[in-house]
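Everything quoted here is computed from the prediction, not taken from an experiment.
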Amino acid sequence: MRPIFYGLSDFIGDYPEPRESASTAGRIPATPWAPFHTRFDFDFAYFALDAGLTKAQVNTLLSLIRRLAPNTTELTFRSYKDLRDAWKKAESKQPAFKMYTVPVKYIHQTVRTYHVWSRNLWDWALNLIRDPILAKRMVWNATKQYKYINGVWERFIDEPHTANIWWDMETALPNDVYPVMFILYADKTKLSSFGSQKGYPVVARLANLPCDVRNGDGYGGGQVVGFLPIVSVEDSNEEGKLSFTTHKRAVWHESFWVILQAISSVYDWGSGRGQKFPCGDGIERVLYPKVLILSGDYEEQCMMSLIRGAGGIETCPVCHVPQDKQHILGTHNLFPLRTNEEGQFIVNQEISDTRKNILLGPKGLRPLQNVFWRIEEFDLHKALSWDRLHAYHGGLFSDHLFDEFQKILAGTESLRNDRIRANTQFDHLPRWRDFNHFVEVVSVNFADGSKYEDISKVIVPCAYNILPLENRRWYLLMKLNRHYIILDVYAGMKRHTTITLTSLREMLPKFSQVVEEYKLVHKKNWDFPKAHSHQHEPDDIENKGVTRNFNTKPSEHSHHALKTIYQTRTNFKHVEQQIANIEHNFLVAKGIRHLMDALDGPAEVDDDAVLITAEDLDEDWEDTNPFQFGQVMLGSRDAHVSFAFIEQSRSDDHAFSTFRTGFNAFLEALGVVGKNKSKIVLKPTDQIIQSKYLKVYYNSEVTWEETVDYLRCNPSFHNTPRYDCVMFLVDKNTVKFGRLKEVFVYETSAAELIPSAFLELFEVVVDTPRSTIDIDLGLCRVRSSGTIFIHAESIVRGAYIIPDFGDAAHRDYFVVDVIDDDMFLRCKKHFGTIWST
């Protein structure tokens, strides 16, 4: 098949729709809630399902409704039995779970049987493919995308269909065959509070759907398609024995075939023959299902690849890195990549298991048949994907870099004051939207990877001064953290160009070099799998798109729902069956709701509603009449106040003593004149309109798509003063930083509204030579330099700026350039020659 080429203009907005796409009109059923008799029947059924109502509660609620509206025809249910029967009739709208028995050989020619609960993977995918609404988002062709950057056409990669594997595979397929790309995730999870009951869900996603759909919670998002068996010890003597360890892996691979089998025979690669399937856009296509991505943490990838794990001679599921070389990183792979054939060749030989173990041991492999070898044209080791959540936030940082930070400060009693100071400095960090605030970090651990992610962004500028930098171990740990967070910023980017991918590759050996320096001052073993795994991250991005395509974080989100079902809706017996049945009802309901929403048409909601977080739920969102000036919106308007009132109410801040005269000079510089074109002279009684928050829209330097910052200039935001910082334009090519002190609108005599901001100005420190500390630790130093008035439309975006706790004069601050990827690239562009970004 020849991939499709699109012009740059096609990418203004969303991805182009398939060129042969047909209208969805007439293909949405008139009564999508069927087989429920009425729409209200479905709404009631979904409410009962979502709330987890018991039989008694449903009957009570139905009775109350009947008493309130005895003659209603909208609700036909009379009892819980009617509700249960309706769900039973709706069951066929989606492929239901079935139980499969899997016999697996054990020692002494014995056979143990296990149960796998699975829904048909291909039928589930076909339901999405046939959906008329999702058809508009379904991608069938590989694309290569380019943007003109600094005089060069640079390729950029985001979705899987923009990366190499999809392109190469589609090029090899016949012209009339279209790929259906699967992302499969598996991992054990604790269902009960104390972990005695576990589940082993397998979650599937379609890579043909864009990330916002497949990683979302709606219809078309990730779906549990199976539950693998948990292999329990039947004899206490089994635990830890090689025979039992091997048996558990054999069970996994035999069981996983139950899930894969449904897609294994859809298309014959050898003959190029396949069946045509009707798709949601009204077109029939020959479809070729393929597993593109295998997503899992390190332990799960060891299971998938049948390597021996961290204790093996070669510990990586992707390459042959030796155990003692895992800390050594390069811009490209330093060791040969694994192939299916090397293990398959030995396992298939008619030799004893002992002999197989001897031959496979040096490669770190187990002598078992791998389920993925049964799939035609499938490269297992290329499908295995780097996992940012467990490799970085819940791995390299939480278990090693942050662990070292805590161990150093744990030290002796003499470090008690340093521990207190570290906690105090973290507590004194300014608040920032969608950023966790920490009261204590020295002696606590977290279960949430996002908390470690946030700590890693500020640990260097916040804590570098806690111990004397003559302490070489502490200094190198801070340096190592700086290199790590730059790697993590690149890892989290939602779109990569050849430029950013090159920068990512170049950072890997730099990180490795600092590890070598750290090893010289402290004996810590850095040869572990999560110190090595990011070596394969750049290749994974080039081959399968950005990391959010294969991160385990969206799939682990499903664990919470399964735990809730187990704890509130089962009787704790035969739990896989009960969870599967309830999970199936949720899928059916999701599909019906999806069609109903399409039938109703798009809801008229505020474009920014999805961005509102808990911290935003205050008076700001009651402002129905904000000021809009270009890309800046001023909200939470106060009444008109005079300049005299401003100066008197802020008399504790010397900067406000000349607020009126300073703003007068600013207006003069703008060319504003008074009545009859006379020189403007502001009187103390003249008034302005204060604003307590800003919304600043800007195009991301990473995705080139519009995003928004929510900024506060509020003396009592949740009973605490909150004055956020901004980056603003001085001229077309120059930006500076400042802290909001006042945001307001002034109306001229000509009725012109001028949105303005009064800032504490931060000038970038350009000391020559720059201190070694600032260079090594990547400290983006700015200095308080008086105040300034600016036009609000010159604000580029928000900036997270924190105090330099090591500055006795309290004048210096640090711009946290790694607060997000856009800020990182902007600082790199504007201050790359000053700051080591």
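Side-chain atoms of R205 and S295 form no donor-acceptor pair, as typed in the model, at a separation below 3.5 Å. Checking Y518 against E404 by side-chain atom types alone, a donor-acceptor pair falls below 3.5 Å. Under the 3.5 Å distance criterion, with hydrogens and angles disregarded, a donor-acceptor pair is assigned to the side chains of D268 and S271. Judged by distance alone, the side chains of H400 and K524 do bring a donor and an acceptor atom under 3.5 Å apart. One side chain, N333 or H536, offers a donor N or O that lies under 3.5 Å from an acceptor on the other. Q223 and E583 form a side-chain donor-acceptor contact under 3.5 Å, judged by distance and modelled atom types alone.
To the nearest 0.5 Å, atom CG of residue L562 and atom CD of residue E576 are 11.0 Å apart. E342 CD to L365 CG: the interatomic distance, rounded to the nearest 0.5 Å, is 6.5 Å. Between K382 atom NZ and L337 atom CG the span is 8.0 Å, to the nearest 0.5 Å. Atom CG of N436 and atom CD1 of I455 lie 8.0 Å apart (nearest 0.5 Å). Here the straight-line distance linking atom CG of D539 with atom NE2 of H332 works out to 7.0 Å at 0.5 Å rounding. Annotation: the span from L396 atom CG to K530 atom NZ amounts to 9.5 Å, rounded to 0.5 Å.
Partner of Y392 under the ring-ring contact (aromatic ring centres under 6.0 Å, His included) criterion, chosen from F397, F402, Y452, W386: W386.
Proximity of W117 to L228: side-chain heavy atoms (C-beta onward) are nowhere separated by under 4.5 Å.
A cation-pi arrangement, defined by a distance under 6.0 Å to the six-membered ring centre and an angle within 45 degrees of its axis, is absent between K290 and F182. Both tests do not hold together for K519 against W526: distance to the six-membered ring centre under 6.0 Å, angle to the ring axis within 45°.
Judged purely by atom type and a 3.5 angstrom limit, T162 uses its side chain to pair as donor or acceptor with the backbone of D158. Checking side-chain atoms of R249 against main-chain N and O of T245 turns up a donor-acceptor pair under 3.5 Å. Within the 3.5 Å criterion, the main-chain N or O of T497 finds a donor-acceptor partner in the side chain of T500. One N or O on the side chain of R119 and one on the backbone of P95 form a donor-acceptor pair closer than 3.5 Å. No donor-acceptor pair under 3.5 Å is formed between the side chain of D187 and the backbone N or O of E556. The main-chain N or O of R388 is never found under 3.5 Å from a side-chain atom of H534 such that the two would form a donor-acceptor pair. Between the Q301 side chain and the C316 main chain, no donor and acceptor come within less than 3.5 Å of each other. A donor-acceptor pair under 3.5 Å is absent between the side-chain atoms of R214 and the main chain of G221, judged by distance alone. Judged by distance alone, with hydrogens and angles left aside, the side-chain atoms of H247 form no donor-acceptor pair with the main-chain N or O of V231 at under 3.5 Å. Panel note: side chain E506, backbone T331; no donor-acceptor pair is recorded below 3.5 Å.
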**OP:** May I have the step-by-step check of side-chain contact (heavy atoms from CB on, under 4.5 Å) for Y267 and L287, ending in yes or no?
**Re:** CA-CA 7 Å; Y267 179 83; L287 301 179; over 6 Å; no
Original post:
side chain to side chain donor-acceptor pair (under 3.5 Å) between K451 and H393: does it pass, once the steps are laid out?
Top reply: CA-CA 8 Å; K451 288 184 170 58; H393 311 142; over 6 Å; no
**OP:** Using the side-chain contact (heavy atoms from CB on, under 4.5 Å) rule, take Y100 and H115 through it: C-alpha gap first, then chi angles, then the decisive distance, then the call.
**Re:** CA-CA 6 Å; Y100 298 84; H115 299 306; over 6 Å; no
Subject >> Verdict with supporting geometry, D540 and S385, side chain to side chain donor-acceptor pair (under 3.5 Å) >> reply: CA-CA 6 Å; D540 278 346; S385 304; 4.8 Å; no
**OP:** Verify side-chain contact (heavy atoms from CB on, under 4.5 Å) between L477 and L401, making sure each step is shown before the conclusion.
**Re:** CA-CA 7 Å; L477 180 63; L401 297 175; 4.3 Å; yes
**OP:** Apply the test side-chain contact (heavy atoms from CB on, under 4.5 Å) to residues E537 and L504: give CA-CA distance (whole Å), side-chain angles for both, the deciding distance (0.1 Å), then the verdict.
**Re:** CA-CA 9 Å; E537 177 200 346; L504 168 58; 3.5 Å; yes
**OP:** Begin from the C-alpha positions of K144 and E542 and carry the test salt bridge (charged side-chain N to carboxylate O under 4.0 Å, His left out) through to its verdict.
**Re:** CA-CA 11 Å; K144 284 190 177 180; E542 288 186 344; over 6 Å; no
Subject >> W166 and E170: CA distance, side-chain angles, deciding distance, side chain to side chain donor-acceptor pair (under 3.5 Å) verdict >> reply: CA-CA 6 Å; W166 197 317; E170 189 173 317; 3.2 Å; yes
**OP:** Carefully, step by step, assess E300 and W252 under the rule side chain to side chain donor-acceptor pair (under 3.5 Å).
**Re:** CA-CA 10 Å; E300 199 63 27; W252 192 98; 3.1 Å; yes
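Taking a 6.0 Å sphere around NZ of K494, one finds it holds 12 or fewer heavy atoms contributed by other residues, nucleotides or ligands. Other residues, nucleotides and ligands place no more than 12 heavy atoms under 6.0 Å from the NE2 atom of H557.
Within the structure, the salt bridge (charged side-chain N to carboxylate O under 4.0 Å, His left out) test picks out no pair touching residues 360-369 (sequence neighbours left out).
For E238 and R112, the salt-bridge test passes: some basic side-chain N is under 4.0 Å from an acidic carboxylate O. Looking at E299 and K188, no side-chain N of the basic residue comes within less than 4.0 Å of a carboxylate O on the acidic one, giving no salt bridge.
In this structure, W269 has its ring center closer than 6.0 angstrom to the ring center of Y288. Aromatic ring centres of H381 and F372: separated by at least 6.0 Å. For Y490 and F824, the distance between ring centers is under 6.0 angstrom. Ring centroid separation for the pair F528 and H327 does not come in under the 6.0 Å cut-off.
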